[in-house]
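Accompanying notes for the structure given below.
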Amino acid sequence: MAFNALSYLRIPLYAAGGIVTVISGALYWKQNELIYPRNIPPDARTTFMKPSDFTHLEMVDWEDLTIPTPDGESLNALLIRPSNRTQAKPVTVLCFHGNAGNIGHRIPIAGYLQHYFGANVLMLEYRGYGASTGTPDENGLNIDAQAGLDYMRQRLDLKDTKFVIYGQSLGGAVSLSLVSKNQQAGDIKALVLENTFLSIKKLIPSVIPPARYLVPLCTQYWSSEDLMPKVNVPVLFLSGLKDEIVPPSHMKRLYDLCTSTKIWKAFPDGTHNDTVNKAGYFAAIAEFLEEHALK
């Protein structure tokens with residue numbers, strides 16, 4: 001699979017190592033740069049791949065969009081429709097990526113979803129990432145996610161499709177938050193989570209061990225463990241058991257906390273950034289969506 005699975009997370013987090021005093025200052029004053037490293041890789045704000053760059057995936061029906069937010073930001077987004085309209089299904093997947101890079105790096109995910117399952121895919125760029133305006137933080141990303149969902153609800157060719165929310169790593173936390181606030185409308189049919197965490201505060205000791213005593217300084221929460229029991233749509237958990245960034249125990253705990261219909265799919269050799277490349281990944285999503293999103 002032609003997917004550039006760079007180790008986006010490792011770079012800023014490993015660079016934060018050092019003496020506790022330095023970490024303490026960084027954790028408080030620079031925590032947004034650590035949690036939202038939107039300039040990694042170095043060209044993430046200047047170079048934007050498009051579906052036409054991935055010719056082997058034959059994505060010919062797509063739009064480059066700008067979606068406004070209620071607080072005045074402009075979000076870049078890509079809407080990718082199934083190239084083979086005869087195999088198209090009435091499903092739209094809203095995708096949220098991890099904490100670095102931009103949506104261009106994840107285009108192959110959309111390519112496989114539209115090619116093998118026949119779904120529409122909306123890839124939304126967070127504020128401050130890629131070609132989107134603004135500066136990221138937890139409140140802002142929640143606003144962005146809602147703007148993406150509202151766009152789908154208002155667009156004539158999407159509003160009557162079945163919505164699936166898909167999130168990787170940080171995007172999993174964004175997805176959980178969005179679903180917990182919107183599931184009562186009935187248009188969100190399923191949630192797909194890959195290698196996401198219980199909360200930022202519980203993740204910090206794993207990625208920056210010396211900072212475990214400084215967790216109270218963190219002002220970004222993303223408390224997915226508190227939201228998981230409230231979700232009532234079917235959930236697919238995709239877990240790389242060799243994840244070196246988010247301990248797999250976080251995913252397992254979220255699975256245990258989930259009280260709705262749930263499916264667990266483990267990838268024994270999957271690391272944080274290459275689980276998406278493992279055999280059976282997209283087959284698991286397709287089977288889950290056939291069973292739960294289309295009913």
Side-chain angles (χ1 to χ4, degrees), residues 1-5 49-65 67 76-97 103-125 145 148-168 171-172 175 178-179 182-183 185-194 233-238 260-263 265 267 275-295:
M1 174 180 176
F3 178 68
N4 187 13
M49 290 183 286
K50 302 299 181 184
S52 54
D53 294 321
F54 299 88
T55 55
H56 64 292
L57 292 175
E58 300 179 345
M59 291 175 280
V60 298
D61 188 0
W62 59 277
E63 296 178 48
D64 198 342
L65 305 170
I67 297 176
N76 184 222
L78 293 171
L79 175 61
I80 302 168
R81 302 183 192 86
S83 299
N84 186 342
R85 299 304 295 171
T86 64
Q87 297 180 0
K89 294 182 173 65
V91 173
T92 301
V93 181
L94 176 56
C95 292
F96 297 108
H97 64 73
I103 55 175
H105 299 116
R106 282 80 176 189
I107 288 173
I109 295 173
Y112 279 82
L113 288 173
Q114 63 87 24
H115 183 73
Y116 290 111
F117 182 70
N120 304 301
V121 182
L122 181 64
M123 309 191 80
L124 186 73
E125 191 68 275
L149 179 60
D150 290 345
Y151 177 85
M152 289 163 47
R153 286 172 165 168
Q154 296 164 10
R155 182 163 167 147
L156 291 179
D157 58 342
L158 300 180
K159 67 184 185 68
D160 294 325
T161 63
K162 300 174 189 297
F163 298 160
V164 175
I165 313 301
Y166 167 97
Q168 297 175 294
S175 298
L178 182 68
V179 171
N182 288 272
Q183 59 190 350
D187 49 3
I188 298 175
K189 301 302 181 182
L191 171 63
V192 179
L193 300 175
E194 182 211 306
V233 303
V235 185
L236 172 63
F237 295 82
L238 302 167
S260 65
T261 299
K262 55 187 177 181
I263 302 294
K265 176 65 176 178
F267 299 88
T275 297
V276 69
N277 294 326
K278 297 304 179 183
Y281 183 93
F282 289 99
I285 295 176
E287 181 179 354
F288 173 74
L289 296 185
E290 285 281 1
E291 179 67 23
H292 299 287
L294 288 175
K295 288 188 174 182

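Note: hydrogens, waters and symmetry copies are ignored here, and every other heavy atom, side chains too, is used. Counting begins at 1 with the first residue of the sequence.
Between Phe282 and Tyr116, the distance from one ring center to the other does not fall under 6.0 angstrom.
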>> I'd like to know whether Leu78 forms a side chain to side chain contact (heavy atoms under 4.5 Å, CB included) with Leu124, so could you lay out the CA-CA distance, the side-chain angles of the two residues, the decisive distance to 0.1 Å, and finally the verdict.
In response: CA-CA 7 Å; Leu78 293 171; Leu124 186 73; over 6 Å; no
>> Does Asp64 form a salt bridge (Lys or Arg N to Asp or Glu O under 4.0 Å) with Lys50? I'd like the steps, not just the answer.
In response: CA-CA 8 Å; Asp64 198 342; Lys50 302 299 181 184; 2.7 Å; yes
> Are Leu238 and Val192 close enough, and set up right, to give a side chain to side chain contact (heavy atoms under 4.5 Å, CB included), and what steps lead you there?
Replying inline: CA-CA 8 Å; Leu238 302 167; Val192 179; 3.7 Å; yes
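Within the cation-pi definition used here (under 6.0 Å to the ring centroid, within 45° of the axis), Lys89 qualifies as a partner of Phe117.
Put simply, the residue from Leu289, Ile285, Leu191 that forms a side-chain contact (heavy atoms from CB on, under 4.5 Å) with Tyr166 is Ile285.
Residues meeting the ring pair (Phe, Tyr, Trp, His ring centres under 6.0 Å) test with Tyr151, sequence neighbours left out: none. When the side chain to side chain donor-acceptor pair (under 3.5 Å) test is applied to Asp160, no partner is found at least two apart in sequence or on another chain. His292 pairs by the ring pair (Phe, Tyr, Trp, His ring centres under 6.0 Å) definition with Phe288, not counting sequence neighbours.
A 4.5 Å side-chain heavy-atom check between Leu94 and Leu178 finds at least one atom pair inside the cut-off. With contacts defined as side-chain heavy-atom distances shorter than 4.5 Å, the pair Val235/Leu193 qualifies. At a threshold of 4.5 Å between non-hydrogen side-chain atoms, the residues Met59 and Ile107 count as touching.
Side-chain polar atoms of Arg153 and Asn182 form a donor-acceptor pair below 3.5 angstrom. Under 3.5 Å, the side chains of His97 and Glu125 contain a donor-acceptor pair of N or O atoms.
Taking the charged nitrogens against the carboxylate oxygens, Glu287 and Lys265 have no contact shorter than 4.0 Å, which rules out a salt bridge.
With hydrogens and angles ignored, the 3.5 Å screen pairs a side-chain donor or acceptor of Ser83 with a backbone N or O of Glu58. At distances below 3.5 Å, not a single donor-acceptor pair connects side-chain atoms of Asp61 with backbone N or O atoms of Ile80. Put simply, the side chain of Thr92 never gets that close to the backbone of Thr161: no donor and acceptor are under 3.5 Å apart.
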